[in-house]
Amino acid sequence: MSTYAISGSASGMGAATRKKLENDGHRVIGIDLRDAEVIADLSTTEGRSSAVSETIRLCGGALDGLVTAAGVGPPVPGELIARVNYFGSVALLEGLRPALAQADKASAVQIGSNSSTTSPNLPAELVEAYLNGNEEESVRLVNLTPRPFDSAIAYGAAKLAVSRWCRRAAVGDAWIGQGTTLNVIAPGPVQTPLLQMGKDDDDFGPLLEGFPVPAGEPATAEMLADWIVFLLSPSARFACGSVIFVDGGTDALLRADAWPETFYMEF
Ligand code: NAI
């Protein structure tokens with residue numbers, strides 16, 4: 001039996017992942033605003049540090065895996081999206097990393113999004129502010145975009161930045177150097193309360209409904225949970241710093257040749 005921590009364990013993909021891991025006989029420490037072993041608000045510094053200390057206490061200092069799935073999406077105000085989706089995720093990844101290093105061959109999965117590559121005009125300055133760990137500057141930049149589109153900007157930029165953060169960290173001494181894998185799953189639309197809230201919104205509903213998804217219907221949370229559980233498993237140990245798109249084809253449709261891409265160097 002292994003011990004996993006999952007943020008956002010009360011709903012959607014986090015809850016579906018929790019169920020699969022528990023059905024396989026593992027122990028899950030859920031972190032969420034409600035219905036979890038660790039009740040914490042990841043939008044605040046106090047909530048993040050209590051989430052880290054309480055999770056470390058409950059797991060006895062060693063964690064076999066971590067899934068950072070807690071998040072909010074449009075039409076929630078951009079400021080809250082920035083605080084939860086980027087700063088809440090990175091605080092858990094950094095804070096729980098030593099517990100992952102304590103376990104033998106641990107693994108972490110961050111839930112990104114295809115909004116990182118399919119939302120146009122994400123401000124580079126905002127992505128940098130996220131990556132520099134400058135929370136108040138990030139919020140200031142998010143608030144330059146008027147409501148309601150601050151949500152979409154904050155969301156796409158947070159997912160782009162957190163994916164880059166994971167790629168940079170994954171290959172370093174602190175992560176794979178300690179035997180801990182770190183990868184990102186980038187879903188497209190997944191039928192969860194987060195997506196439904198967007199669909200029900202007067203501004204975002206028509207945008208979401210009009211977004212092209214070659215595979216058609218949204219995925220289910222259980223479909224994504226299968227990918228997440230696989231990335232936590234020993235079979236996925238050679239995946240390191242990967243951003244895996246499971247998005248029904250939207251990224252390939254809109255940006256077929258953007259990746260893979262070569263690079264040039266002088267010989
Ligand atoms: P969901 O709404 O079903 O679950 C999100 C969970 O995060 C909820 O249990 C909620 O209570 C928790 N949460 C929200 N704010 C929190 C806070 N301040 N502190 C602690 N916990 C908090 O959403 P879903 O769809 O399962 O989302 C999971 C992740 O997947 C999110 O990061 C989301 O951005 C991402 N995602 C979702 C997509 C979708 O279409 N549903 C597509 C791409 C990415």
Side-chain angles (χ1 to χ4, degrees), residues 6-20 32-36 41-43 67-86 88-89 109-123 126 142-143 145-163 184-228 243-255:
I6 302 180
S7 74
S9 59
S11 177
M13 286 177 257
T17 305
R18 165 175 211 140
K19 197 168 165 199
K20 280 187 197 295
D32 208 305
L33 292 168
R34 61 186 166 84
D35 301 331
D41 180 355
L42 296 171
S43 71
V67 179
T68 40
V72 284
V76 168
E79 172 168 347
L80 185 59
I81 292 176
R83 294 192 191 282
V84 178
N85 292 17
Y86 184 82
S89 294
V109 181
Q110 166 69 41
I111 312 302
S113 166
N114 75 346
S115 64
S116 56
T117 57
T118 61
S119 311
N121 309 327
L122 297 175
L126 174 57
V142 162
N143 286 332
T145 303
R147 289 288 298 147
F149 297 107
D150 59 325
S151 319
I153 292 291
Y155 190 85
K159 294 298 188 181
L160 177 55
V162 82
S163 303
V184 178
I185 286 273
V190 183
Q191 195 53 55
T192 67
L194 182 149
L195 180 68
Q196 195 57 47
M197 188 190 278
K199 282 182 174 175
D200 291 343
D201 182 73
D202 287 346
D203 293 305
F204 289 101
L207 293 175
L208 287 168
E209 298 292 354
F211 212 56
V213 184
E217 292 301 299
T220 63
E222 290 69 29
M223 287 162 76
L224 270 295
D226 280 340
W227 285 87
I228 295 165
V243 179
I244 298 168
F245 280 72
V246 184
D247 77 335
T250 304
D251 180 68
L253 177 74
L254 299 181
R255 307 172 72 247

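These values consider heavy atoms only, across backbone and side chains, with no hydrogens, waters or symmetry-generated copies. As the structure is a prediction and not an experimental result, all values here were calculated from the model.
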Starting at [atom1] of [X], measure out to [atom2] of [Y] and round the result to the nearest 0.5 Å.
{"X": "Lys159", "Y": "Gln110", "atom1": "NZ", "atom2": "CD", "value": "6.0 Å"}
{"X": "Ile153", "Y": "Asn121", "atom1": "CD1", "atom2": "CG", "value": "7.0 Å"}
{"X": "Lys199", "Y": "Leu194", "atom1": "NZ", "atom2": "CG", "value": "11.5 Å"}
{"X": "Ile228", "Y": "Met223", "atom1": "CD1", "atom2": "CE", "value": "12.5 Å"}
{"X": "Leu80", "Y": "Leu42", "atom1": "CG", "atom2": "CG", "value": "10.5 Å"}
{"X": "Glu222", "Y": "Lys19", "atom1": "CD", "atom2": "NZ", "value": "6.5 Å"}

Those residues that, when tested against Asp251, pass side chain to side chain contact (heavy atoms under 4.5 Å, CB included) (two or more places apart) =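 In terms of side chain to side chain contact (heavy atoms under 4.5 Å, CB included), with neighbours along the sequence ignored, Asp251 is linked to Thr117, Thr118, Phe245, Asp247, Arg255.
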What I'd like to find out is whether the side chain of [X] reaches to under 4.5 Å of the side chain of [Y], using heavy atoms alone.
{"X": "Ser11", "Y": "Arg34", "answer": "yes"}
{"X": "Ser151", "Y": "Phe204", "answer": "yes"}
{"X": "Met197", "Y": "Val76", "answer": "yes"}
{"X": "Pro187", "Y": "Asn114", "answer": "no"}
{"X": "Val109", "Y": "Ile185", "answer": "yes"}
{"X": "Ser113", "Y": "Tyr155", "answer": "yes"}
{"X": "Ile111", "Y": "Val67", "answer": "yes"}
{"X": "Pro212", "Y": "Leu254", "answer": "yes"}

Of the non-hydrogen atoms in [X] and [Y], which two are nearest, and what is the gap between them?
{"X": "Ser119", "Y": "Leu122", "value": "O-CG, 3.6 Å"}
{"X": "Pro74", "Y": "Ile81", "value": "N-CD1, 3.8 Å"}
{"X": "Asp201", "Y": "Pro206", "value": "O-CD, 3.8 Å"}
{"X": "Pro189", "Y": "Val213", "value": "CG-CG2, 3.8 Å"}
{"X": "Ala70", "Y": "Ser89", "value": "O-OG, 4.4 Å"}
{"X": "Ala82", "Y": "Ala154", "value": "N-CB, 4.5 Å"}

Of all residues at least two apart in sequence or in a different chain, which pass the ring pair (Phe, Tyr, Trp, His ring centres under 6.0 Å) check with Tyr86?
->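 Residues passing ring pair (Phe, Tyr, Trp, His ring centres under 6.0 Å) with Tyr86: Tyr130.
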Greater than 12 external heavy atoms within 6.0 Å of Lys20's NZ =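 Yes, because the 6.0 Å sphere around NZ of Lys20 holds more than 12 heavy atoms from other groups.
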Using modelled atom types and a 3.5 Å cut-off, is there a donor and acceptor pairing between side-chain atoms of [X] and backbone atoms of [Y]?
{"X": "Asn85", "Y": "Ala158", "answer": "no"}
{"X": "Ser116", "Y": "Gly156", "answer": "no"}
{"X": "Asp150", "Y": "Asn143", "answer": "no"}
{"X": "Arg18", "Y": "Gly8", "answer": "no"}

